[in-house]
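In what follows, chains carry the letters A, B, and so on, assigned in the order in which the sequence lines appear, proteins first and then strands, with residues in each chain numbered from 1.
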Number of protein chains: 2
Amino acid sequence: MADHDDKAQRAIALLEQAGLRATAQRVLLVSLLYGDGAHRHVTAEQLYEEAVMARGKVSLATVYNTMRALSKAGLLRQVNADAGRIYFDTNTGDHQHIYDESTGTLTDIDAAILKDITLPPLPRGTRLEGVDLIVRVRS
Amino acid sequence: MADHDDKAQRAIALLEQAGLRATAQRVLLVSLLYGDGAHRHVTAEQLYEEAVMARGKVSLATVYNTMRALSKAGLLRQVNADAGRIYFDTNTGDHQHIYDESTGTLTDIDAAILKDITLPPLPRGTRLEGVDLIVRVRS
DNA sequence: ATACCTGCAAAGTCTTTGCAATCAA
DNA sequence: TTGATTGCAAAGACTTTGCAGGTAT
């Protein structure tokens, strides 16, 4: 129980820091996302399944809404590895990904991999939003 | 007319080389894609619009089917720049992209940009499929 | 009290597919 | 001929949204 409370406390802290109300659904979702320390890559559907397993009372729509809100708040990063499927990454720091197209698994790559590249001039009137590298593999 | 026949001839050649029957619809689509020499980045919907403009008799389903077939045949490359929207690139050579999230425009980057990076070890039991770099910008 | 949040169902976007009619080889 | 292709409509996969009822502050 202490363990659970701990995760819930951290979840609440994260939500408040993001300016979001700490509802039961959000606390559960954020606990699942950040609960065990390791960074995670999940789709809304996957997180929804986990929430249901954990006997959580939450709808898929709320999972989508919450993940969108967390992304906007900067607590999650969206990863476009696969057209037609949004992955959310709890690691919002600078880094890149390996994507296994057979299993749908994402793996982090250290940001240093791009340390030595020189970006080309950007199109006139545009500003840089980010640089995403996806190493696609198959099992 | 000679111009049009020229493009049609090239389109037919490409289709045969890909092992696909040269139907009127495919010849039109391939002519639009490869007709003027420059490489293109288009979605199925965009190509469909162009075909309709050109008074072509083709359905959106056929555009999707054809682009899928061309991709499988190696004549097109899919670009995952935006979750929920597949771009097709007539340039199947090694290169990368700049993606303007405001306008949905893709611009090529020379492959040399990644010449000096060293990929991390791939997960056990996986083989490399490709490396995609997307420089995201906004207007 | 009140602005925010949830959940359901409906709508939306993009893509694929079943199947009868049609066409290329 | 005969298998490949087309087109329509329907189905699918994923995501967003309208709105009535519920909740955090």
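Rotation axes derived from the C1' atoms of the five outermost pairs at either end of the helix from C:dA1-D:dT25 to C:dA25-D:dT1 lie 30° apart, to the nearest 10°.
Between B:Thr62 and D:dG7, a side-chain N or O to OP1/OP2 separation shorter than 4.0 Å is present. Contact between the side-chain N/O atoms of A:Gln25 and the OP1/OP2 oxygens of D:dT23 is not found at any separation under 4.0 Å. For A:Arg26 and C:dT6, the shortest distance from a side-chain N or O to OP1 or OP2 is below 4.0 Å.
When rounded to the nearest whole Å, the span between CG of B:Leu60 and C1' of C:dT15 equals 9 Å. Between the CG atom of B:Leu29 and the P atom of D:dT5 there is a distance of 13 Å, rounded to whole Å. For A:Leu28 and C:dG7, the CG to P distance is 10 Å, given to the nearest whole Å. Taking atom CG on A:Leu20 and atom P on C:dA3, their separation rounds to 18 Å, with Å as the unit.
Every residue two or more places apart in sequence or in another chain that forms a side chain to side chain contact (heavy atoms under 4.5 Å, CB included) with A:Ala111 is listed here: A:Asp94. For A:Glu49, the side chain to side chain contact (heavy atoms under 4.5 Å, CB included) test picks out A:Glu45, with sequence neighbours left out. Legend: residues meeting side chain to side chain contact (heavy atoms under 4.5 Å, CB included) with A:Ala13, ordered by chain and number and at least two apart, are absent. The side chain to side chain contact (heavy atoms under 4.5 Å, CB included) test applied to B:Gln78 returns B:Ser71, B:Ile86, B:Phe88, not counting sequence neighbours. Applying the ring-ring contact (aromatic ring centres under 6.0 Å, His included) criterion to A:His41, with sequence neighbours excluded, gives A:His97.
A donor and an acceptor atom, one from each side chain of B:Asp100 and A:Thr126, are nowhere located under 3.5 Å apart. The closest side-chain donor-acceptor pair between B:Tyr99 and B:Asp82 falls under 3.5 angstrom.
Contacts with DNA chain C (heavy atom under 4.0 Å) in residues 41-52 of chain A: none are found. Listed by residue number, the members of residues 64-87 of chain A with any heavy atom below 4.0 angstrom from DNA chain D are A:Tyr64, A:Asn65, A:Arg68, A:Gly84, A:Arg85, A:Ile86.
The side-chain heavy atoms of B:Val58 and B:Val63, taken from C-beta on, include a pair separated by under 4.5 Å.
Between B:Leu29 and B:Thr62, the shortest heavy-atom contact is CD1-O, 4.5 Å.
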**OP:** Start with the C-alpha gap between A:Arg136 and B:Asp132, add the side-chain angles, then the distance that decides, and say whether salt bridge (charged side-chain N to carboxylate O under 4.0 Å, His left out) holds.
**Re:** CA-CA 8 Å; A:Arg136 287 178 295 103; B:Asp132 294 342; 2.8 Å; yes
Original post:
Going 5' to 3' along nucleotides 19-24 of chain C, which nucleotides have protein heavy atoms under 4.0 Å from the base (write B), which only from the sugar-phosphate (write S), and which from neither (write -)?
Top reply: -----B
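When the nucleotides C:dC8, D:dG7, D:dT15 are ranked by their closest atom to the side chain of B:Lys57, D:dG7 comes out on top.
Residue pairs meeting the ring-ring contact (aromatic ring centres under 6.0 Å, His included) criterion with at least one member in residues 105-139 of chain B: none, sequence neighbours excluded.
Chaining together hydrophobic side chains whose heavy atoms lie under 4.5 Å apart places B:Val131 alongside A:Ile98, A:Ile109, A:Ile113, A:Leu114, A:Ile117, A:Leu119, A:Leu122, A:Leu128, A:Val131, A:Leu133, A:Val135, A:Val137, B:Ile98, B:Ile109, B:Ile113, B:Leu114, B:Ile117, B:Leu119, B:Leu122, B:Leu128, B:Leu133, B:Val135, B:Val137. If you chain together ILVMFWY residues whose side-chain heavy atoms come under 4.5 Å of each other, B:Met53 ends up in a group of its own.
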